[in-house]
Number of protein chains: 2
Amino acid sequence: MTEDTALFDAADLHGSLRDPLLGSLGFLNEVMGRYPEAISFAPGAPHPDTLESVDLTACVDRFVDHEVALGATPGQARRRVYEYGPSRGLINGLVSEALRRDHGIEAGPESLVITAGAQEGMLLVLRALFASPRDVLAVANPCFVGITGSARLLDLDLVSIDESPDGIDLDGLAAACRACRAAGRSVRALYVAPDFSNPGGTTMSPACRRQLLDLAGQEDFLVIEDNTYGFTAATDQALPPLKALDTDRRVVHIGTFAKIAFPGARVGYVVADQPVAGEVGTHPLADDLATLKTVVTVNTSPLCQAVIGGLLLQHGGSLVALGRRKSALYRRNLTHLTDALDHHLGELPPAGITWNRPRGGFFVRMRLPVPADAALLEVSAQKYGVLWTPMAQFYLDSSGERQLRLSCSYLDPDQIDEGVRRLTAFVKGEVGS
Amino acid sequence: MTEDTALFDAADLHGSLRDPLLGSLGFLNEVMGRYPEAISFAPGAPHPDTLESVDLTACVDRFVDHEVALGATPGQARRRVYEYGPSRGLINGLVSEALRRDHGIEAGPESLVITAGAQEGMLLVLRALFASPRDVLAVANPCFVGITGSARLLDLDLVSIDESPDGIDLDGLAAACRACRAAGRSVRALYVAPDFSNPGGTTMSPACRRQLLDLAGQEDFLVIEDNTYGFTAATDQALPPLKALDTDRRVVHIGTFAKIAFPGARVGYVVADQPVAGEVGTHPLADDLATLKTVVTVNTSPLCQAVIGGLLLQHGGSLVALGRRKSALYRRNLTHLTDALDHHLGELPPAGITWNRPRGGFFVRMRLPVPADAALLEVSAQKYGVLWTPMAQFYLDSSGERQLRLSCSYLDPDQIDEGVRRLTAFVKGEVGS
């Protein structure tokens with residue numbers, strides 16, 4: 001379109017569009033497109049083996065049968081798949097029961113909203129909670145760009161709280177609450193992913209979970225819990241989500257079927273059981289999220305909900321059973337990646353190069369003695385045939401400039417081996433001197 | 001939840017949640033729930049006959065074959081259905097070609113974004129365009145609540161421009177532009193549905209279409225065209241959409257598959273070919289919408305896009321062919337409704353009762369000599385067994401208080417007859433004195 005006269009300047013559009021973090025995905029895709037032969041540790045995409053074709057008709061039929069068993073006529077149940085539907089969702093009962101059985105989260109269907117992926121859930125929660133320019137969103141640092149991006153779209157102010165080996169820096173969080181209050185503002189909510197954060201790979205310890213909930217009560221903020229990667233925990237190591245410990249209803253819990261079923265359905269959910277005093281009695285916060293959803297996407301595709309509902313029923317109504325095979329695959333890959341790093345780089349890592357060993361999730365974080373920026377990525381891609389994600393985009397400050405993220409999710413073990421060999425050559429050749 | 005201590009007051013949540021228009025849908029559903037035996041002219045829902053089951057597997061297979069014909073391997077094409085996808089969409093090429101052939105809209109795939117229904121398209125367009133608190137959104141009065149609701153969610157200021165028999169009051173619009181400018185503000189965009197507006201039922205005349213585009217150039221605003229109901233035009237009466245007349249790229253065109261295919265897919269599209277000057281050359285506004293979409297819903301369900309793409313291919317790639325049977329059904333219903341009103345109320349309508357006779361769309365507007373409010377709706381439901389939508393919610397001022405909207409979309413002719421008989425008894429008994 002270079003021959004066109006521009007109708008606008010980019011400066012005429014909303015400020016979020018000039019935020020580098022909203023453009024970071026496009027940048028990575030562009031680099032990957034230019035180096036198709038490179039092994040890419042960049043995207044946190046699902047493994048191709050998890051994307052086998054689904055028998056759509058059988059899934060929908062199973063969901064329709066379920067609805068009929070609950071009292072719908074076959075015609076009604078079938079039409080619901082194709083019709084508009086309630087903005088709160090169609091499969092709330094199935095998800096509510098699964099959360100209770102699988103994760104100890106006690107929240108009725110009326111406290112759930114089914115969303116177009118976890119991403120829409122984040123936008124709805126932020127929009128409902130942030131009523132005043134005085135409100136501030138605290139986020140873990142580093143942080144998933146989906147939540148910071150949604151916050152930018154809504155012009156919300158952010159404060160970042162460092163992750164700690166135990167989860168989140170609670171002293172820093174308490175200090176941020178005090179600093180906001182002193183400035184006439186308030187921390188309205190904290191976003192955190194306690195189980196294998198993206199990109200940090202951090203697991204929040206049981207003690208930190210309880211202390212965080214205590215602090216939320218003392219400082220009067222909500223906790224937005226993102227449980228996207230929780231399913232990758234080894235069965236004997238799974239910790240209760242914050243929401244299962246939440247006796248004071250301080251936690252809004254966000255989950256997704258993107259990883260345990262498939263991303264192309266775009267089905268996620270929000271648990272928001274916080275009682276809101278309205279004009280007539282109290283109602284759960286989920287009602288307000290559903291109201292906002294009517295002017296975002298109206299409702300989550302009933303067709304997709306029926307397919308996901310059918311898959312859930314096929315696995316006995318269990319999120320854990322639905323995700324079991326994928327969980328094992330991703331754990332295998334993560335172990336393979338960290339083992340390969342140990343094997344190739346472990347004995348004599350060049351000075352200043354370290355990496356973590358997460359217990360789950362898709363990502364390993366590596367620290368370099370030099371900036372892991374676009375220029376270095378270009379060298380890595382062109383000269384060594386290996387791609388990764390610069391971590392700077394996940395930080396609100398400059399503390400991530402010398403870090404990169406390695407995703408193991410969509411590679412096979414032999415690709416991981418070869419990728420780590422290339423990565424080893426890259427760090428020894430370019431950054432280890 | 002009345003036993004719970006509220007954690008928030010509703011006043012602690014975002015202001016849009018206290019806007020009556022966001023609650024209006026809930027109110028209507030609640031009334032309908034209490035009077036299940038009433039005949040309801042309230043919802044603009046699709047007719048049940050249009051919600052026949054779709055052969056999902058065949059649709060997806062057809063789309064996959066199409067992708068293979070374009071160069072994908074069968075495995076790639078199949079995985080695209082289940083994977084994340086580009087935020088701009090998967091079926092842009094199919095929709096671009098259909099818009100060209102069916103509607104004379106020349107816009108390449110790179111100028112389109114596939115959205116989670118028209119609703120998400122509206123939110124993305126508003127978010128991209130409204131950069132400053134000085135920007136004002138002009139809307140037709142009366143107006144679809146989806147656009148005003150999205151504007152509320154983003155805290156945008158609105159100015160309403162009366163519909164006229166010809167479309168929109170252009171003098172009023174020019175005056176609003178001048179008034180905004182005098183106040184140091186500017187009308188950034190006008191939302192309008194030229195083909196059978198919801199709820200007004202208005203068709204914009206060819207002359208008004210051209211004059212509106214001229215004015216947009218003179219006053220430097222964009223036109224957001226909602227073409228949801230355009231498909232209901234009789235073949236020999238269809239007018240070119242504004243976008244087909246848009247030589248200066250002033251029009252952002254929004255469409256949906258909800259009515260011509262089925263709502264449960266939640267697939268719509270935005271044509272945004274406006275050149276934006278960025279850091280490196282110009283790009284179409286669609287790129288910015290796609291960027292914003294990454295933090296709203298990431299991407300529109302590829303599964304749903306594949307199903308819709310398959311349906312489109314099944315109909316020779318034509319939107320018109322896909323919607324033809326449904327268009328005829330809705331035209332039959334609309335004619336049936338206006339004929340029934342003529343038949344039962346036409347000869348001696350009680351004083352002050354009039355209605356329009358739209359040439360398409362789902363809705364007839366009736367004016368009463370008394371307020372058509374919640375109390376009157378309750379009487380209509382309880383005593384006469386007939387429901388309708390108060391028009392006040394569609395107005396930004398009080399000028400709609402004595403109007404109601406009748407939807408004919410999801411009733412059968414015999415239900416329309418019986419409904420109009422009840423409506424006649426209601427107006428003669430309650431409002432004609």
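Per chain, numbering begins at 1; letters A, B, ... match sequence-line order. Small disclaimer: the values here were computed from a predicted structure and weren't measured. In what follows, every heavy atom counts, from backbone to side chain, and hydrogens, waters and symmetry copies are set aside.
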Exercise. Which bit of B/Arg80 is near chain A, if near means a heavy-atom gap under 4.5 Å: side chain, backbone, both or neither?
Worked result: neither
For this session: Identify which part of A/Leu285 has an atom lying under 4.5 Å from any heavy atom of chain B, answering side chain, backbone, both or neither.
Result: side chain
Seminar exercise, completed: Bottom line for B/Ala116: the part with an atom under 4.5 Å from chain A's heavy atoms is both
Exercise. Hey, is the main chain of B/Arg188 close enough, under 3.5 Å, to the side chain of B/Asp135 for a donor-acceptor pair?
Worked result: no
Exercise. Heavy-atom distance under 4.5 Å to chain A: side chain of B/Phe130, backbone, both or neither?
Worked result: backbone
Problem set entry | Region of A/Ala128 that comes under 4.5 Å of a non-hydrogen atom in chain B | both
Exercise. What part of B/Ser87 is in contact with chain A, defined as an atom under 4.5 angstrom from a non-hydrogen atom: side chain, backbone, both or neither?
Worked result: neither
Exercise. So which part of A/Leu123 gets closer than 4.5 Å to some heavy atom of chain B, the side chain, the backbone, both or neither?
Worked result: side chain
Problem set entry | Residue part contacting chain A, namely of B/Val307, when any heavy atom lies under 4.5 Å | side chain
Exercise. What part of B/Arg127 is in contact with chain A, defined as an atom under 4.5 angstrom from a non-hydrogen atom: side chain, backbone, both or neither?
Worked result: both
For this session: Check the surroundings of atom CD in A/Glu279: do more than 12 heavy atoms from other residues, nucleotides or ligands lie under 6.0 Å from it?
Result: no
Exercise. For B/Asp155, is it the side chain, the backbone, both or neither that has a heavy atom under 4.5 Å from a heavy atom of chain A?
Worked result: side chain
